[in-house]
Amino acid sequence: MSAFLEIEGLSAVLAGTGARLLRSVSLAVDTGEVRGLVGESGAGKSMIGKAVLGILPKAVRVAEGAIRLDGHDLLAMRPADRRRLIGSVAALIPQDPLTALNPSKRIGPQITDRLVDILGWGKADAQARALELLGEVHIEDPERVIGRYPHELSGGMRQRILIASAFAAEPRLIIADEPTTALDVTVQKQILKLIGEMQAHHGTALVFVTHDLGVVSKVCQSLSVLYAGKVVEDARVADFFAAPRHAYSRALLAATPKYTDPAASLQPVDPSVIEAVTAEVAVADREWIHGR
Amino acid sequence: MAGNGSATNAPGHLPLYQVRGLKVALPDLAAKPLFGPPPRIDILTGLDFDIEQGTALGIVGGSGSGKSTLGRALLRLIEPTGGTIRFAGTDITHLDETGLRPLRKRFHMIFQDPMSSLNPRRRVGAIIADPLHLHGFDRVRERVGEALDHVGLGRAFAARYPHELSGGQRQRVGIARAIALEPEFILADEIVSGLDVSSQAQVLNLLERLVAELGLTLAFISHDLSVIRRLCSEVMVLHRGQIVEHAPVGEVFAEPRAAYTRQLLDAIPLPDPDQPGW
Amino acid sequence: MLDGRAAVRRRINARLWLSGGWLALLAIVALLAPWLAPKDPLAQDLFAARLPPFWMAGAEPGFWLGTDSLGRDVLSRIMHGARIALAVALVAGIATCLIGSALGLVAGFMRGWADRIISRLVDIWMAFPPVLFAILLIAVLGTGLHSIIIAIVVIDWTRFCRVVRAEALNQSAMDYVASAKVAGRTRLSIMVREILPNVLPTIVALVTLEMGIAVIVEAILSFVNLSISTDAPTWGGMIAEGRISIHQAWWVLVFPLVTLFLTVLSFSQFGEGLKDHFDPVLR
Amino acid sequence: MLSGSLSVLLLRIVLGRLATMAITLFGVAVIVFVVIRVVPGNPVAMMLPPGATEADIARLNALYGLDKSIPEQFVIWLGGVVQGDFGTSISTRQPVLDLVLGRLPATLELSIFALVLAVIIGGVMALTGTRFRGTRTEGAVDVANGVGLSVPDFLWGLVFILLFGVLWPIFHISGRISPALDLPFVTQFYVFESIVRLRFDLWWDLLTHMFMPALALAIPLAAIISQLLKQSLKETMHLDYVVLARTKGYGENRVIVGEALRNAVLPTLTLIGVQFTFLIGGTVIIERLFSYEGLGNMAIDAVINRDLPLIQGIVIVFALIFTVVNLIVDMLYAVLNPRLRHA
């Protein structure tokens, strides 16, 4: 039995220079599993989610590897078929709730547009579904909210609506791309709890992209640590926080703020750790070029 | 530089900053009526506090709490609508630019967005040298070099343009510009919020070292209590334009008195799967 | 991203060289027109009227691009016309730029009552149809080179003022301005030392654009017979004449028109190229 | 249909604009009044036969009010304008208002036709450039925009005369309508009226006359629309809600038109307002070039004839049109922007 999402040896390159942005990434996410993708900016953590959903920037090209979603080889499919498959079984919770809702459309249609346009639901069914979803994400007075425009709602409300919209078509995979980075810490907690609740309720596979190990420890069961587009550690969350195996993971954890232990947290990353992991990446690159 | 006059006048015990009943209201242009001036929104509604010499004060609050407005008022980038701000005994609340100029070398600021706060058309060296020239410092080249050494960038960086630097490096340039003046007080406004964890740790450690070495008084604005815990000796929690708690850092974290502070602390996700309350 | 920047740079360079090359050629021709021009641009010869350009049957040697209805050499008139066109472009372009940019900078950075007055003036100016305003001014000032330049400055300062004001407003919101203020710079010196260098590329692009527009305005005024004297070799005057005799002698219209077209195009492309060239991020 | 809150908003915009519009128009009136009264040469003297005496000139001067001081003349003129009397043309001796209203429809029809052309051309180019971004097609759109922006309407007009009037004469390059035709029109809005009367032969003749001047006017505006809209679309296409729409299963065309376009149009719209007034200003020389009997063509004659009352009237009418165009754009912006509509 294979996992719902399987990524195998995925390499992405920047068109023109040929520089690798993702370096033979492999990972699997099963139904009901929450996997964190952690790394600093430029580590390629968002790139993986974008590759799965088919929204890579034009300048980025998949060089090799396979992405299998529910047994379908995404990279081998015709673009239109792939789009339709992704639209019906996968969904994205984006980073910034302030820009992720279309400012000139009302909330209701933004939750249900996929149901009506892609999956062929009737308007009334879609409307009922929207109300049900808004209830699930704990929005009071959903009848009123579906007629609103995004600018009339707070950031936390908008993120709830985006979550509702992501779960609208009962997707089996959700990719959450730094969904709470733009929010205040008190709102972040509510949203993280909500995502966890919705994921458990719907039994969805969830890929959670974040730079914050604190957040990972709260919502994920497993995680992949990335550096320069390479997975340097792949672990269960409990094992990882007890004893990270890779030196870079240890350094990252030591740099993460922790107010209960100020002296041991916020440690600068030792240059030797960066040198070592960079060298590791370079070796992998040489092998990769050799193998082609 | 013999700028630290007030530090030696210990007997009078004069805090570096004395803020009383500080109010700031900004015009709400979105609600401007057809005729007449726009209504004003109260951002800060009467703050009282002192900043003692040599403290590192952490100012924390959510978005819309007024923390950045407070910072800009302390440096008189905006003029308060009420109350008083005294800096080293001088009332600066309504001082005009000419009156403020001699004080400007005694307090400085590091900005949140290092890209926007560095003039893109000038080299790093010129950016750091500029305030020095302005306040008639001698040995400017040397001082620029020293400041760059201090922040761990090295003198070769003087010839670079801001866009050639990484985010962490730009923020160090901002710090170098501030310390080159050898000010008594530095305000740091969310200076690590745009940085990766590893650069964040580096910048914070650098700042921690500099505060100790140079005997600076620091106000550190942040939305992140964890960062303040590491760096500051006092915490002031702002909520909707009011101080809900102001105490030594140990007390606030051991026994938060205000409900809002507790809420903030509880919401921080520690890198620990077994954190209670989550 | 580096390769993308290289591609952009190549395109900028090609644009700069092509447009700059044409303008340089024009400048040389204008400077040396009395020596380069094969004929006297004013010499009329009714027996040599409407001679076609050199490759057509009936062409006379020496009249490379043919003659107009009064027998004047088209090539020589274009060459001498370049003197007038470039003189107007240079003087009017720079004068307009200085006045408009200064007002725009003050309005955008200083705000307050200065901004209110300047913006109100711009509003009023924008309510005039520019060509009609130009014609009206020439009618008042009388024809001649000075009048044309004054008319262009009076009409077009608003273009600089509006753009520079908006740009100065944008730049004022940047933290490097706050930083200069914290350092104790005076407002005037922030405007000149911090804002101006960041607005300058926009001004440079506008000033060459304005030079192109000045050439056009001169041509339009010549076209409605209000430029210098009807006799003087101006591109607009030649075009006006060519428009009338278009069915008999197309070359009288075509050659000055092509020259004017390339010149206007080059001015604007040169400015855009310069602007990008001086962008430190692209460099 | 307008909802209650929307009409209140529109009313607020109109009321808010009235004061500045009045100041602008007053400013224009003062400037034009002063400028044309320093014109050297007495316009009245030119009207009289060579043998006229000083007394004749003085009498005519008094008749046109030109013997009074400039402020006095202004007050008298303004008093007339408020009552709808713009004075009498010196060269034709007809009321200025009648002359202006007689020519205005021709200019309006030309301008609006040009605007429609510009919006269509510019919109199609922007959408094409966005749909095929990163390809040679986008490069071609950019080059076309660059040329269209650099070369003004006057030059396009001349090029068209040459290409489509002389080399390949498929369009009319002179006049508004073929002189041989019988005109049944009662208004001056010929294009509009020809449609109402179902006289499509006349309609076609008008259009083929208008096409070249309108296209010349439209090209610079089309290039601006294309450039701004394409830039705006480009920025919008990177926003999260557009990316999100892709993951929902929508194709590229639907994403551009359904998600990005409407939001991208808003910032473009405000700039088009000013640019459209430039287009109308351009009719002055374009009408001259194509001998089109509109307001602009009459304006140049008025200047050449030193017809002071007529010049004043025409300039004020142009200024009025410009301010009204800006007002309409503001209102349109409010209608299209939900942030304003549902504040």
Side-chain angles (χ1 to χ4, degrees), chain A residues 15 46 49-50 52-59 79-106 109-119 147-152 158 162 165-166 168-169 171 173-175 177 179 182, chain D residues 3-6 9 129-139 142 229-230 232-270 332-343:
Chain A
S46 293
K50 288 187 173 137
V52 172
L53 294 171
I55 49 173
L56 283 173
K58 289 219 160 185
D81 295 341
R82 182 172 62 193
R83 233 172 27 226
R84 190 163 290 273
L85 174 71
I86 290 170
S88 53
V89 305
L92 169 72
I93 302 178
Q95 175 172 11
D96 185 358
L98 299 184
T99 60
L101 288 167
N102 191 330
S104 62
K105 289 186 171 175
R106 292 176 197 273
Q110 300 205 50
I111 296 176
T112 58
D113 49 4
R114 169 195 339 235
L115 300 178
V116 176
D117 297 333
I118 307 292
L119 302 175
R148 288 284 149 116
Y149 284 92
H151 71 270
E152 299 173 277
R158 289 190 226 182
L162 287 164
S165 165
L173 169 72
I174 285 193
I175 291 175
D177 189 359
Chain D
S3 69
S5 67
L6 184 56
L9 177 65
T130 307
R131 178 64 184 81
F132 300 100
R133 54 191 181 288
T135 67
R136 279 168 196 283
T137 311
E138 188 193 7
D142 285 340
L229 186 60
K230 180 164 162 282
S232 182
L233 272 169
K234 198 169 209 159
E235 282 159 18
T236 312
M237 293 297 281
H238 288 297
L239 291 180
D240 282 351
Y241 64 82
V242 177
V243 176
L244 195 60
R246 290 176 192 284
T247 70
K248 289 176 179 175
Y250 292 117
E252 182 75 14
N253 293 340
R254 164 72 199 251
V255 166
I256 294 174
V257 177
E259 296 289 329
L261 185 59
R262 179 158 178 179
N263 298 300
V265 162
L266 276 177
T268 317
L269 183 66
T270 40
L332 215 55
Y333 188 85
V335 171
L336 289 177
N337 190 348
R339 275 172 216 269
L340 287 178
R341 207 155 20 119
H342 300 268

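So that the names make sense, note that chain A is the first sequence line, chain B the second, and so on, each numbered from 1.
- Nearest approach of A:Ile118 to D:Gly249, heavy atoms of both residues: CD1-O, 3.4 Å.
- Of all residues spanning residues 79-88 of chain A, those with a heavy atom less than 4.5 Å away from chain D's heavy atoms are A:Arg83, A:Ile86, A:Gly87, arranged by number.
- For the pairing with D:Leu244, the side-chain contact (heavy atoms from CB on, under 4.5 Å) check across A:Ile93, A:Leu101, A:Leu162 returns one residue only, A:Leu162.
- Here the closest non-hydrogen pair linking A:Pro103 and D:Arg339 is CB-NH2, 3.7 Å.
- Only the side chain of A:Lys105 comes within less than 4.5 Å of a heavy atom in chain D; its backbone stays farther off.
- Looking at A:Asp113, both its backbone and its side chain come within 4.5 Å of chain D, counting heavy atoms on both sides.
- In this structure the side chain of D:Thr247 never reaches within 4.5 angstrom of the side chain of A:Ile175, judged on heavy atoms.
- Residue A:Leu98: no heavy atom, backbone or side chain, is found under 4.5 Å from chain D.
- The existence of a salt bridge linking D:Lys248 and A:Asp117 is excluded, since no basic side-chain nitrogen approaches an acidic carboxylate oxygen closer than 4.0 Å.
- Taking 4.5 Å as the heavy-atom cut-off, the residues of residues 129-138 of chain D that approach chain A are D:Arg133, ordered by number.
- For D:Asn263, the side chain to side chain donor-acceptor pair (under 3.5 Å) test picks out A:Asn102, A:Ser104, D:Tyr241, with sequence neighbours left out.
- The two residues A:His151 and D:Pro338 make their nearest non-hydrogen contact at CE1-O, 3.0 Å.
- Within the structure, the salt bridge (Lys or Arg N to Asp or Glu O under 4.0 Å) test picks out the following pairs touching residues 235-247 of chain D (sequence neighbours left out): D:Arg246-D:Glu252.
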